[in-house]
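Chain A is the first sequence line, chain B the second, and so forth, proteins listed ahead of strands; every chain is numbered from 1.
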Amino acid sequence: AQKVTQAQTEISVVEKEDVTLDCVYETRDTTYYLFWYKQPPSGELVFLIRRNSFDEQNEISGRYSWNFQKSTSSFNFTITASQVVDSAVYFCALHYTGANSKLTFGKGITLSVRP
Amino acid sequence: DTGVSQDPRHKITKRGQNVTFRCDPISEHNRLYWYRQTLGQGPEFLTYFQNEAQLEKSRLLSDRFSAERPKGSFSTLEIQRTEQGDSAMYLCASSPRGQGVDTQYFGPGTRLTVL
């Protein structure tokens with residue numbers, strides 16, 4: 001089965017706190033891609049990062065960092081020093097080679113950052 | 001580059017009516033995707049075009065749904081005889097010409113409400 005699980009549904013933090021959003025995936029394929037998207041209240045999905053299954057290096061982009069661990073099938077996302085503008089729904093998504101084209105999304109995590 | 005645009009942004013219709021949505025992809029993106037997102041869920045794949053060819057359709061796309069991309073540029077998604085269960089956000093995405101997996105860039109969506 002090809003599946004993405006985002007077990008956390010809602011997270012609320014106070015500004016400047018660090019927060020980690022969890023993503024666990026299932027796939028039988030050895031070649032696959034993982035994505036994170038942000039959906040602010042306006043509704044548009046904003047691409048954040050893409051990672052292929054052969055690249056387990058962690059990545060940092062400003063306040064954002066991603067931890068990819070194949071051993072635990074996880075691709076977690078950490079926001080350091082959160083800001084109110086980070087409030088959004090965050091989706092993890094999987095593309096596997098058998099999918100032809102589609103992304104399989106998790107249910108999303110609603111992050112609220114309070115001032 | 002302008003992003004993916006969708007029209008209309010909101011549509012309210014009565015059950016049984018037909019509706020049509022339009023998506024304009026990012027210029028020169030040859031791949032175009034439609035997804036549906038219901039409240040509290042991640043987007044679910046509906047269909048995919050490469051240029052004007054519709055290459056994949058989800059089982060979610062019942063006979064009442066039809067999508068076209070006649071000249072390989074903009075696309076339309078039509079729902080005939082709408083039902084209340086069709087109420088959702090309809091998202092369009094596009095990705096550039098390339099080999100293998102490309103990053104999909106999403107539009108703002110069309111929110112459909114069926115009364």
**Report entry** Residues of residues 37-47 of chain B with any heavy atom under 4.5 Å of a heavy atom in chain A
**Finding:** B:Q37, B:G40, B:Q41, B:G42, B:P43, B:F45
Query raised in the report: Should we say atom CD1 of B:I12 is surrounded by more than 12 heavy atoms from elsewhere, each under 6.0 Å from it?
Result: no
Report task. Let me know if A:Q39 has heavy atoms under 4.5 Å from chain B in its side chain, its backbone, both or neither. Result -> side chain
Report task. Decide whether B:L32 and A:F105 are clustered together by the hydrophobic rule: side chain heavy atoms of Ile, Leu, Val, Met, Phe, Trp, Tyr closer than 4.5 Å, transitively. Result -> no
Query raised in the report: Is the count of non-hydrogen atoms from other residues, nucleotides or ligands lying under 6.0 Å from A:K70 atom NZ greater than 12?
Result: yes
**Report entry** Residues of residues 44-67 of chain A contacting chain B, heavy-atom criterion under 4.5 Å, by residue number
**Finding:** A:E44, A:L45, A:F47, A:R50
Report summary line: Hits for ring pair (Phe, Tyr, Trp, His ring centres under 6.0 Å) against B:F106, two or more places apart or cross-chain, chain-then-number order -> A:Y37, B:Y35
Query raised in the report: Mind checking whether B:L91 and A:F35 sit in one hydrophobic cluster, side chains of I, L, V, M, F, W, Y counted as touching below 4.5 Å?
Result: yes
Query raised in the report: A:I79 and A:I11: same hydrophobic cluster, using ILVMFWY side-chain contacts below 4.5 Å?
Result: yes
Requested in this report: With sequence neighbours excluded, tell me which residues meet ring pair (Phe, Tyr, Trp, His ring centres under 6.0 Å) with B:Y33.
Outcome: B:Y48
Query raised in the report: Is the number of heavy atoms from other residues, nucleotides or ligands under 6.0 Å of B:E78 CD greater than 12?
Result: yes
Query raised in the report: Do A:V113 and A:F77 sit in the same hydrophobic cluster, where Ile, Leu, Val, Met, Phe, Trp and Tyr count as joined when their side-chain heavy atoms come under 4.5 Å apart?
Result: yes
**Report entry** Hydrophobic cluster membership, A:V89 vs A:V24, 4.5 Å side-chain cutoff
**Finding:** no
Report task. Let me know if B:R9 has heavy atoms under 4.5 Å from chain A in its side chain, its backbone, both or neither. Result -> side chain
